[in-house]
Amino acid sequence: MSTPTTIVWLRQDLRLADQPALRRAASRGRVIPVYIYAPEEEGDWPPGGASRWWLHHSLESLDEQLRQLGSRLIRRRGTTQDILNELLEETGATAVYWNRRYEPAAIERDKTVKAALLAMGVQAESFNGSLLYEPWTIRTKQDAPYQVFTPFWKACLATETVHESLPAPRELVSPPKWPKSLPLDELELLPSNSWDAQFYETWQAGAPAAERRLRQFVNETVRRYHEDRDRADFDGSSRLSPHLHFGELSPRQIWAAVEKSSGKVPAGKSKLGQGAEVFLKEVGWREFAYHLLYHFPSTTKEPLREQFRRFPWRRSATELWSWQRGQTGFPIVDAAMRQLWATGYMPNRTRMIVASFLTKDLRLSWQQGARWFWDTLVDADLANNTLGWQWTAGCGADAAPYFRVFNPTMQAEKADPHGDYIRRWVPELATLPTKWLREPWTAPAEELAAAGVKLGETYPQPMVDHHEARDAALAAYERVKNS
DNA sequence: CGTCGGTTCGC
DNA sequence: CGAACCGAC
């Protein structure tokens, strides 16, 4: 009998190590790794511009890694079902394996595909490649999904789970003849303007780069993570999020690397350091985000907390544009929004600052913020993005209470104590002394003149008075609070 | 994963 | 008189 052939349908698992679907396919016989670009099948959330940029480079890297094992990546574009059918026919493959996804549109599509494959007599099997705890495995005592993080995470950690990573296969057996593959450029993932110029200086996609970043993080940054992650002026966070989103790394690999490096810390009570503890809790928030998205799929559109469906959001296309382009007149907000546009990223602390500004100071809807992040973040992830926005807007599960309003000035003092971050991203304020940098409208005329700043000309006047805006937001909240 | 305004504490 | 602490929103 000839060696059986398996198609590995790759999606958000663009790696070779700790890759359950690939692993199982490799042990079965010949392997055909396939990526099908099918944005029409993603419902309301086809990949945004920054995500597509990342995807392009991640696919390029994956092909190189596969070629080192004597294999290659087959790229196609179109309807998943049609393409799988074509490939099954062309190659004589008798099985299709993949790692599961948890977004509502992907779940529906995957179900349909699986049923069709099984009906054709093809072996179709899915695996867990991207979560520590799949959403349906964790339930409250009342057999309901969790809506509060801390008990959720306790319940996760109380389960007897071994987070063991699988090694990458050492070789992959090729089919006698490779099916044709679309050249990468024909997926048309890169922007046609030069929007992405600075992405190249900031990021390197692909599992090998992800593993280097992880190693550097656990060796250096993680120790001070609990403090430094709130800093905008240097890299105190892990920056692993885009690698995790595309599955260039699995959470199991991250978990293992953090535990291993923390094991080197002086014995003591075999406890992890505080930085590692806080970091792994962030991995826990990602698990929680997937739990919520799975059990409450409507939250990508609607707030989880009912009363917020009547919240009187304002509407203003011009104000939204000012926020998007970093022209609010609040330097910390503008710095962060410009960093996002230029690099496809901002650290979590400034995400909270700009989100609070949009939803409280401007009272524009969190959905509009979520949509902008979706298009501009290289790590755009439906579960994390939805949770993050509902969290700051105060309308989600275990959210910050709505009355928690970030003060942009205080936040800037903490996140950017010397003003380096603002000076880098808002260069028109660069020579203004730190004392005035966070609130240029309070600077004496001669200070502004000396720094070459003309408010309303070289840099905008503040869009709102923060204290008035805060009061207005709290008043709006009062109206929906008890309804 | 707040802010604000109040009070108390310590020099 | 400022830092530290506390409760309300």
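The chains referred to below are lettered A, B, ... by the order of the sequence lines, with proteins before strands, and numbering in each begins at 1.
- Residue K414(A) places its side chain closer to dT3(B) than to any other of dC1(B), dT3(B), dC9(C).
- For the pair R351(A) and Y345(A), the cation-pi test (distance below 6.0 Å, angle within 45°) is passed.
- Residues satisfying the salt bridge (charged side-chain N to carboxylate O under 4.0 Å, His left out) criterion with R229(A), sequence neighbours excluded, are E282(A).
- Using bins of under 30°, 30° to 60° and over 60° for the plane-to-plane angle, the ring pair Y402(A)/F308(A) lands in the tilted bin.
- Rounded to an integer number of Å, the gap from CZ of F406(A) to P of dC4(B) is 12 Å.
- When heavy atoms are screened at a 4.0 angstrom cut-off, H467(A) is found touching the sugar-phosphate backbone but no base atom.
- In this structure, F357(A) places its CZ atom 24 Å from P of dC1(B), rounding to the nearest Å.
- The pair D110(A)-R11(A) meets the salt-bridge criterion, since a charged nitrogen lies less than 4.0 angstrom from a carboxylate oxygen.
- The phosphate of dC1(B) (OP1 or OP2) has no side-chain N or O of N348(A) nearer than 4.0 angstrom.
- Separating the CD atom of E468(A) from the C1' atom of dT3(B) is a distance of 17 Å, rounded to the nearest angstrom.
- Cation-pi geometry between R325(A) and W341(A) is met: the NZ or CZ atom falls under 6.0 Å from the ring centre, inside 45° of the normal.
- Taking atom CD1 of residue I353(A) and atom C1' of nucleotide dC1(B), one finds them 11 Å apart after rounding to whole Å.
- A salt bridge links D235(A) with R239(A): at least one charged nitrogen is closer than 4.0 Å to a carboxylate oxygen.
- Applying a 4.0 Å cut-off to non-hydrogen atoms, none of the residues of residues 373-381 of chain A approaches DNA chain B.
- As rounded to whole Å, 18 Å separates atom P of dC1(B) from atom CZ of R351(A).
- The CZ atom of F403(A) sits 14 Å away from the P atom of dG7(C) (whole-angstrom rounding).
- Taking the ring axis of W98(A) as reference, the NZ or CZ atom of R100(A) does not stay both within 45° of it and closer than 6.0 Å to the ring centre.
- Side-chain N/O atoms of Q411(A) include none lying less than 4.0 angstrom from OP1 or OP2 on dC1(B).
- The nearest whole Å value for the distance from the CE atom in M410(A) to the C1' atom in dC4(B) is 9 Å.
- A straight line from CD of E227(A) to C1' of dC1(B) spans 15 Å, rounded to a whole angstrom.
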